[in-house]
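Below is one structure, written out as structure tokens; comments come after it.
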Amino acid sequence: MRQAGRVLWSRAMRAETFPAHEGILHTAPLRGVLGRVAYVTSCTDGSRLYCFTAGFDKRSGHPLFTANGTPVAIGAGQLITNYWSDPADMPFTVVQGTRIDLSTGKASRVAFSIPPRPGCGSLNISVGLIGRTTYDARFAYAEQDDKCGAFVARFDWHGPNSQQPVLLPYKKTPATP
């Protein structure tokens with residue numbers, strides 16, 4: 001880890017540090033910084049995509065966690081990763097991830113269900129909705145649509161899996177396709 005051109009710490013990561021699955025090859029690792037966390041994510045690619053992330057304190061290099069997924073947001077002393085593997089098996093009506101307590105390194109799976117809206121029929125299950133969940137320090141915003149149109153289901157990603165989302169109107173912005 002560098003700061004202002006000065007090396008604060010370094011760590012050698014080997015491919016065997018991350019779980020591998022039979023018949024699947026590792027892709028190039030991703031590196032980044034999110035809040036106080038420096039992370040390395042390794043993905044394996046094949047019939048399924050698996051990503052695993054190791055997180056370190058960006059100042060000291062102290063290991064903080066290893067978890068499934070790729071980091072997407074940090075807030076209130078926690079970090080959340082997205083989590084999906086095989087699009088054919090993916091439940092498009094569930095926002096999945098791993099929530100990590102940065103003080104303890106404890107990781108727990110999150111799975112927030114998007115219910116159908118009353119009078120709007122079933123949710124449209126579309127591969128086009130993969131990756132259309134965005135995060136900020138507090139909320140996950142999952143885009144979805146049904147016969148009444150597009151909407152956003154907002155979840156507090158710090159909260160319990162059993163929570164009901166706040167349903168918001170979909171607003172197309174320049175960042176939204």
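Here the structure is a predicted model, which is why all the values come from computation and not from measurement.
Here the CD-OG distance, from Gln163 to Ser113, works out to 10.5 Å after rounding to the nearest 0.5 Å. How far OG of Ser108 is from CG of Asn161: 7.5 Å, rounded to the nearest 0.5 Å. In this structure, CD1 on Ile100 lies 12.0 Å from OH on Tyr39, to the nearest 0.5 angstrom. If you take CG on Asp145 and CG on Leu123, they are separated by 8.0 Å, rounding to the nearest 0.5 Å. Expressed to the nearest 0.5 Å, how far CG of Leu102 lies from CG of Leu64 amounts to 6.0 Å.
You'll find the side chain of Thr53 reaches within 4.5 Å of the side chain of Phe65, heavy atoms only. The closest side-chain heavy-atom distance from Pro169 to Val152 is not below 4.5 Å. Taking 4.5 Å as the limit, some side-chain heavy atom of Pro115 sits within range of a side-chain heavy atom of Pro165.
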Legend entry - Evaluation steps, side-chain contact (heavy atoms from CB on, under 4.5 Å), between Phe52 and Asn68: CA-CA 4 Å; Phe52 299 92; Asn68 291 327; 2.8 Å; yes
Legend entry - Criterion side-chain hydrogen bond (donor to acceptor under 3.5 Å, both in side chains) on Asp136 and Tyr141, from CA distance to verdict: CA-CA 9 Å; Asp136 63 22; Tyr141 302 90; 2.9 Å; yes
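Taking every heavy atom of both residues into account, Pro160 and Phe112 meet most closely at O-CE2, 3.4 Å. Closest non-hydrogen pair, Val37 versus Gly55, comes out as CG1-CA, 4.0 Å. The two atoms that bring Ala73 and Leu34 nearest to each other are N-CD2, 3.7 Å, heavy atoms only. Of all non-hydrogen atoms in Gly121 and Pro116, the two that sit nearest each other are O-CB, 3.6 Å. In terms of heavy-atom proximity, Asp101 sits nearest to Ser103 at OD1-OG, 2.6 Å. Considering all non-hydrogen atoms of both residues, Tyr170 and Glu143 come closest at CE1-OE1, 3.4 Å.
A donor-acceptor pair under 3.5 Å is absent between the side-chain atoms of Lys147 and the main chain of Ser122, judged by distance alone.
Residues in residues 107-119 take part in these salt bridge (charged side-chain N to carboxylate O under 4.0 Å, His left out) pairs, two or more places apart or across chains: Arg117-Asp146. The salt bridge (charged side-chain N to carboxylate O under 4.0 Å, His left out) contacts involving residues 155-166 comprise Arg138-Asp156, where partners must be two or more places apart or lie in separate chains. Residue pairs meeting the side-chain hydrogen bond (donor to acceptor under 3.5 Å, both in side chains) criterion with at least one member in residues 70-81, sequence neighbours excluded: Gln78-His158.
Hydrophobic clustering of Ile, Leu, Val, Met, Phe, Trp and Tyr side chains at less than 4.5 Å, counting indirect connections, unites Phe155 with Val110. Two different hydrophobic clusters hold Ile74 and Val33 under the rule that ILVMFWY side chains link at heavy-atom gaps under 4.5 Å. Grouping the Ile, Leu, Val, Met, Phe, Trp and Tyr side chains by contacts below 4.5 angstrom, directly or via other members, places Leu79 apart from Trp157.
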